[in-house]
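Following: one structure in structure tokens, then a few remarks.
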Amino acid sequence: MEHATVIVIGGGATGVGILRDLSMRGVDTLLVEKADLVNGASSRYHGLLHSGGRYAVKDQEAARECIEENKILRKIGRSCVEPYGGMFVRLNSDPEDFEAAWVEGCKVSGIDAKPISLDEAFRIEPRLSRNVVSAYLVPDAAVDGFRLSWQNVDSARRYGGRVKTYEEVIGVITKNGKVKGIRTRNAFTGIVTKYSCDILVNVAGGWAGKVAALAGLDVRVQPDKGTLIAFNQRICNHIVNRLHKSSDGDIFVPHGSITILGTTSMSVDDAEDTSSSREEVESLLAIGEQTFEHLRDYRILRCFAGSRPLYIPPGGAVGRSASRGFAIVDHGEQDGLDGMFTMVGGKFTTYRLMAEKLSDAICKKLGNTAPCRTAEEPLVPEVSEEERKEARAYFPSYGTDLAATRLGPDRFKSVVRRLKQDPEKRELVCECENVTRAEVEEIANEPSIHQLSDIRRRTRVGMGTCQANFCALRSASIFADCRKEWQDDAARDSLVQMRELLEGRWKGIRPVLLGRTIREMEMTRGMYELLFHVNGGMAK
């Protein structure tokens, strides 16, 4: 039976943050995740690195945590953060008294909120509604949740941290009031495996209540679903927030060449519910166009949804009234089950702080006095400018810097070697995201990759303008070639996964079938169903 001092259940941002923190302190740590890493709330949100301004009135403690972690993540995860800056704007329909409370809250919380004139606001954000009556600049930023989380894993592995994906926890092993280990079931083989441990950490997000129940414990977590819309244009240059009490559709976050509008808040029964409806889309658009009046003129790329894991203590509030803070439950103290912790709640911006607090509690129990270093040490070394300059001879235009930030220094060097040795590897698999064949092969051959969608999350293949229209078939072919040595009928399996990838894209496109999107989806259907006969061919 494989043993780890600490087993972490849950591969979201908090889970990988704990893995990194404990590994850096010399604690033998294993993380298990029932799917691929970062498949839940940590990747299904607007990608805002909070300045704390969203919480300056309601929760100043959370606001202070956000601004401090904002500064830290800009330093340790530079290749994951886009420091656009933020703007809070009050419309003439928003309450004036909230603005005064917000300004005071920012001052108390240590958030630099700089008032600017309307002329200046319209100069730097020319598409803003002229119903804006006041504006402030704040240090918001955008962050890539996929990339930051994987870089935490890469950092943890350098210190001995281990990760097992597609292993669902189906049982918690206890004896005499003490945690002894877990049982997992592999998503592909169905094989059940036992792992022993001294301490078990439950950070399964929206599924934390179900994991706790496996140990006979009651942890109430309310999944709170939020739907978001991705536009295929940069509508704004800054992250733009409405200056009023947090509500639906009041934030625009630019990422690269797109903009995300979010978000809704809806209590759901199951964290697996990531559905979105046309009604939600129409509601978001109606609210969003109060800030950007010509919003419907922009092409919608897709919509998507994720579930926030809100901790609901007895008698606690739900929905937007529930705290966005986090809670640590020591089940030894609360329930008499020694060696098990649960952490629930929180937000992506404070994942590192959450991991530090829980790691402190674990190390105290283990007698480990090593200090936390996650706020000082960069997640991964940066690719040097010298290496980038040399690589530009082999990458497509604009592709070098994108690949360097996605891959990190070690994988980047390996991909450059592939490009040098074989010019055919320079083929563009995904034009939207500038992903080469060499990069897809590099990722596809890693042990952590089991499905075509795993490659998508690591490389962004299929996440650009065409939504996998052209790159699905190309990446499936490369994936099949990489798997031939260790899997029978790799081509057929890759075709099945290609269909699943396309269906995943379709899930986000169906609620936004408007205008040009309908024409483009008809082209996709014509290519894959009529020309390539994908569905019929796989059904035989």
Side-chain angles (χ1 to χ4, degrees), residues 36-39 43 79 144 146-147 149-151 153-154 165-166 256 380 383 387-388 391-487 489-505 524 527-528 532 534:
D36 188 22
L37 295 181
V38 209
N39 69 86
S43 61
S79 64
D144 188 317
F146 292 110
R147 191 179 304 158
S149 298
W150 274 105
Q151 288 188 4
V153 171
D154 289 341
T165 54
Y166 295 100
V380 297
V383 177
E387 291 174 302
R388 295 181 191 224
R392 288 190 176 97
Y394 310 104
F395 276 98
S397 298
Y398 309 110
T400 305
D401 291 339
L402 291 173
T405 55
R406 283 194 300 259
L407 293 165
D410 295 335
R411 294 188 187 91
F412 184 76
K413 290 177 183 177
S414 179
V415 167
V416 172
R417 282 197 298 269
R418 290 175 185 268
L419 296 172
K420 282 183 179 180
Q421 294 168 2
D422 187 351
E424 291 188 2
K425 307 294 186 186
R426 303 172 195 175
E427 168 198 356
L428 269 178
V429 176
C430 177
E431 289 98 337
C432 303
E433 299 292 334
N434 274 260
V435 182
T436 62
R437 182 184 185 94
E439 183 175 349
V440 174
E441 288 181 348
E442 179 72 19
I443 299 301
N445 283 305
E446 293 197 355
S448 60
I449 300 299
H450 300 276
Q451 301 189 96
L452 194 56
S453 289
D454 298 346
I455 297 176
R456 174 182 65 82
R457 282 182 282 268
R458 296 286 293 277
T459 65
R460 295 189 59 83
V461 161
M463 296 174 71
T465 300
C466 80
Q467 288 291 286
N469 194 359
F470 298 108
C471 55
L473 185 62
R474 299 168 185 166
S475 54
S477 174
I478 297 169
F479 191 44
D481 288 342
C482 293
R483 294 165 70 93
K484 280 179 181 176
E485 295 183 2
W486 52 275
Q487 179 179 309
D489 203 7
R492 181 180 178 84
D493 180 68
S494 294
L495 283 174
V496 171
Q497 292 193 31
M498 180 185 71
R499 182 175 64 183
E500 291 174 350
L501 186 151
L502 288 168
E503 288 176 346
R505 300 291 88 189
T524 302
M527 286 175 57
Y528 286 94
F532 298 147
V534 167

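What you see is a predicted model, and the numbers here were worked out from it, not measured in a lab. Reckoned from all heavy atoms, side chains included, excluding hydrogens, waters and symmetry mates.
- Nearest heavy atoms, F412 versus F395: CE1-CE1, 3.7 Å.
- Taken to the nearest 0.5 Å, the CG atom of D144 stands 9.0 Å off from the OG atom of S79.
- A donor-acceptor contact closer than 3.5 angstrom is absent between the side chains of N445 and E441.
- Taken from CE in M527 to CG in L502, the straight-line distance is 9.0 Å, to the nearest 0.5 Å.
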Intermediate values then yes/no, side chain to side chain contact (heavy atoms under 4.5 Å, CB included), R505 and M463: CA-CA 8 Å; R505 300 291 88 189; M463 296 174 71; 4.0 Å; yes
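- In terms of heavy-atom proximity, T405 sits nearest to R147 at O-CD, 3.1 Å.
- Here R411 pairs with D154 in a salt bridge; the nearest charged N to carboxylate O distance falls below 4.0 Å.
- In this structure, CG on L428 lies 13.5 Å from CZ on F470, to the nearest 0.5 angstrom.
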Test side chain to side chain contact (heavy atoms under 4.5 Å, CB included) applied to E446 and I443, step by step: CA-CA 5 Å; E446 293 197 355; I443 299 301; 4.2 Å; yes
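- Within a 6.0 Å radius of CD in E424, no more than 12 heavy atoms belonging to other residues, nucleotides or ligands are found.
- Of the N and O atoms on the side chains of N469 and T524, at least one donor lies less than 3.5 Å from an acceptor on the other residue.
- C471 places none of its side-chain heavy atoms less than 4.5 Å from the side chain of E433.
- Using a cutoff of 4.0 Å between basic side-chain nitrogens and carboxylate oxygens, D454 and R457 are scored as salt-bridged.
- A distance of 7.5 Å separates CD of Q451 from CZ of F479, quoted to the nearest 0.5 Å.
- Counting only heavy atoms from C-beta outward, the side chains of E500 and Q497 approach each other to under 4.5 Å.
- T459 places no side-chain N or O within 3.5 Å of a backbone atom of V440 that could act as its donor or acceptor partner.
- In this structure, the separation between CD on E387 and OG1 on T400 is 12.0 Å, given to the nearest 0.5 Å.
- Minimum heavy-atom separation, I455 to A444: CD1-CB, 3.7 Å.
- Of the possible polar contacts, none joining the S149 side chain to the F146 backbone as a donor-acceptor pair under 3.5 Å is found.
- Between M498 and L452, the closest side-chain pair of non-hydrogen atoms falls below 4.5 Å.
- Y394 approaches V416 most closely through the heavy-atom pair CD1-CG1, 4.4 Å.
- Within the structure, salt bridge (charged side-chain N to carboxylate O under 4.0 Å, His left out) pairs that include any residue of residues 394-407 comprise R388-D401, R392-D401, R406-E439 (at least two apart or interchain).
- Heavy atoms only, all atoms of each residue included: C432 and C466 are closest at SG-N, 3.4 Å.
- Side-chain contact between V429 and R437 is present, with at least one heavy-atom pair separated by less than 4.5 Å.
- Between D36 and R456 there is no salt bridge, since no side-chain N of the basic residue sits under 4.0 Å from a carboxylate O of the acidic one.
- Proximity of R458 to I449: side-chain heavy atoms (C-beta onward) are separated by under 4.5 Å at one or more points.
- Heavy atoms only, all atoms of each residue included: T165 and S448 are closest at OG1-O, 4.0 Å.
- A salt bridge between R474 and E427 is absent, with no side-chain N of the basic residue lying under 4.0 Å from a carboxylate O of the acidic one.
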